[in-house]
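One structure below.
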Number of protein chains: 2
Amino acid sequence: MPELDIGEVARQSGLRPSTLRFYEERGLIASTSRHGLRRRFEAAVLERLALISLGQAAGFSLDEVRSMLSRDGTPRIDRRLLTARADALDVTIRRLTAMREGLRHAAACPAPNYLECPTFRRLLKVAARRRRSSR
Amino acid sequence: MPELDIGEVARQSGLRPSTLRFYEERGLIASTSRHGLRRRFEAAVLERLALISLGQAAGFSLDEVRSMLSRDGTPRIDRRLLTARADALDVTIRRLTAMREGLRHAAACPAPNYLECPTFRRLLKVAARRRRSSR
DNA sequence: GCTTGACCTCAAGTCGACTTGAAGTCGCAG
DNA sequence: CTGCGACTTCAAGTCGACTTGAGGTCAAGC
C-alpha cells in the first residue's frame, strides 16, 4: 500500500497542495507520516477529500464538515442534519428558480420600462422581503 | 416632496445606515443634498435600493449592479446579460437539486455505510468533477 | 558535488460586502 | 443653554476559504 506525496494527492484530487496543507491544519485530513520533511498520505485520503467536497457542495462549512467526519473516515452523520440541509436547499432552489424565471421574463419583456412590468414588480417585492427578513 | 433622513431610508428599506453610506461611497445610490452634515435622500432611492437587492438576489455583484443602473434609476439592461445569468442560475439550480435529492436519500438510506450506497457514490463523483473543473 | 524542483513553515494577503469603533458635529426638546 | 440622540468621517476589523510570499530543506539525477 503506497503512500502518496502531497503533489500526487493534489493531482488526483484536483486540489492544490496549499489547500491540502490548509485542510490538515484545520483537522480535516491527516498525513500519516513524513518522509524527511515531506508529508505522506494514505490513498484513503482521496475518499475523504471527496466527502469534504461533497459536504461543501451541499452547503456545509468546513467546520461543519469536520464535525461530520470521524477519524476513521466513515462519516457518522446526523440524519436530521441532512434533512435540515435538504430543506434549506429547497428554499434556496425555490428562490433561485423564481429569480431565473424573472430574469428570462425581463430579457424578453416588451414593457418600455421594467418598473411597469408586473412580473418585475413582483420580483422586486420578493427581494425586498428577503432582505428584510435576513437582517 | 419630502426628503428622507438616512435613518428613515434604513427603516423603510430594511438596510442599515452603514450599508447605505457604503452604497453611496460605491456609487450605487446618491444623496441629493445635506441638511447640515446630514444626508437627505429622495424617496426614489427606495426603488433603487429594491433594484439593487434584486440584482444581488439574482447573483450579480455590487459592481455589476452598478453598471446596470443608470443615473436616473431606470436600468438600461443588456438582455444578453440577463439571459446569461438565467442560464448560470439554471446550472446552479440543477446542481443544488441533485444535492438535495442526495441528502434526502442519504438521510433515509439503509446501507450500513454511506460509501456502499450507489446514490451516494454518484454524488461523490459529481462533487469531485465540479471541484476539478472549477480549478 | 551541484543543481533542480518539489517540498517545508509561518505570516500575511485576498475577495466581497459590509460592520465596528473612535472621535466629532448638530438640531431640537426641555 | 444644556443634554441627548441621530447623525458625521475615516480607518480598521470581520468572515470563510484559501493563496501567496519569503526564506529554508532535501533527495535524486547529471
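Every chain is numbered from 1, with letters handed out A, B, ... down the list of sequences. Basis for what follows: all heavy atoms, side chains included, without hydrogens, waters or symmetry-related copies.
The number of heavy-atom neighbours closer than 6.0 Å to CZ of B:R79, taken from other residues, nucleotides and ligands shown, is above 12.
Look at A:R11 and A:E8 and you find a salt bridge, because one of the NZ, NE, NH1 or NH2 atoms lies within 4.0 Å of a carboxylate O, short of that distance. Salt-bridge check for B:R104 with B:E101: failed, with every basic side-chain N at 4.0 Å or more from each acidic carboxylate O. A salt bridge is absent between A:D87 and B:R100: the closest approach of a Lys/Arg side-chain nitrogen to an acidic carboxylate oxygen does not fall below 4.0 angstrom. At a threshold of 4.0 Å, the pair A:R34-A:E3 does not count as salt-bridged, since none of the basic side-chain nitrogens sits closer than that to a carboxylate oxygen. B:D63 has a carboxylate O that lies under 4.0 Å from a charged side-chain N of B:R26, or vice versa, which qualifies the two as a salt bridge.
For the OP1/OP2 pair of C:dT19 and a distance below 4.0 Å, the side-chain nitrogens and oxygens of B:T19 include at least one atom meeting the criterion. Under 4.0 angstrom from either OP1 or OP2 of C:dT19 there lies at least one side-chain N or O belonging to B:S18. The shortest distance between the side-chain N/O atoms of B:R26 and the OP1/OP2 oxygens of C:dG16 is not below 4.0 Å. Using a 4.0 Å cut-off, no side-chain N or O of B:Y23 falls inside it from OP1 or OP2 of C:dA17.
A straight line from CG of A:L28 to P of D:dA17 spans 9 Å, rounded to a whole angstrom. One atom, CG of B:L62, and another, P of C:dC15, lie 15 Å apart when rounded to the nearest Å. Nucleotide C:dA12 holds its C1' atom 14 Å from the CZ atom of A:F22, rounded to whole Å. In this entry the distance linking CG of A:L20 with P of D:dT20 reads 15 Å, nearest Å. Rounding to whole angstrom units, NE2 of residue B:H35 and P of C:dT25 are separated by 17 Å. Here the P atom of nucleotide C:dC7 and the CG atom of A:L4 are 12 Å apart, to the nearest Å. Rounded to whole Å, the distance from CZ on A:R11 to P on C:dC7 is 11 Å. The CD atom of A:E25 sits 13 Å away from the P atom of D:dT19 (whole-angstrom rounding).
Linking Ile, Leu, Val, Met, Phe, Trp and Tyr residues whenever their side-chain heavy atoms come within less than 4.5 Å leaves B:V126 and A:I93 in two separate clusters.
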For nucleotides 6-8 of chain D, print each protein N/O atom paired with a nucleotide N/O atom at under 3.5 Å, atom names and distance only.
unit_1, atom_1, unit_2, atom_2, d
D:dA6, N3, B:R38, NH2, 2.8
D:dC7, OP1, B:D5, OD2, 2.6
D:dC7, OP1, B:G7, N, 3.2
D:dT8, OP1, B:R39, N, 2.8
D:dT8, OP1, B:R39, NH1, 2.9
D:dT8, OP2, B:R21, NE, 2.9
D:dT8, OP2, B:R21, NH2, 2.9
D:dT8, O5', B:R39, NH1, 3.3
D:dT8, O3', B:R34, NH1, 3.4

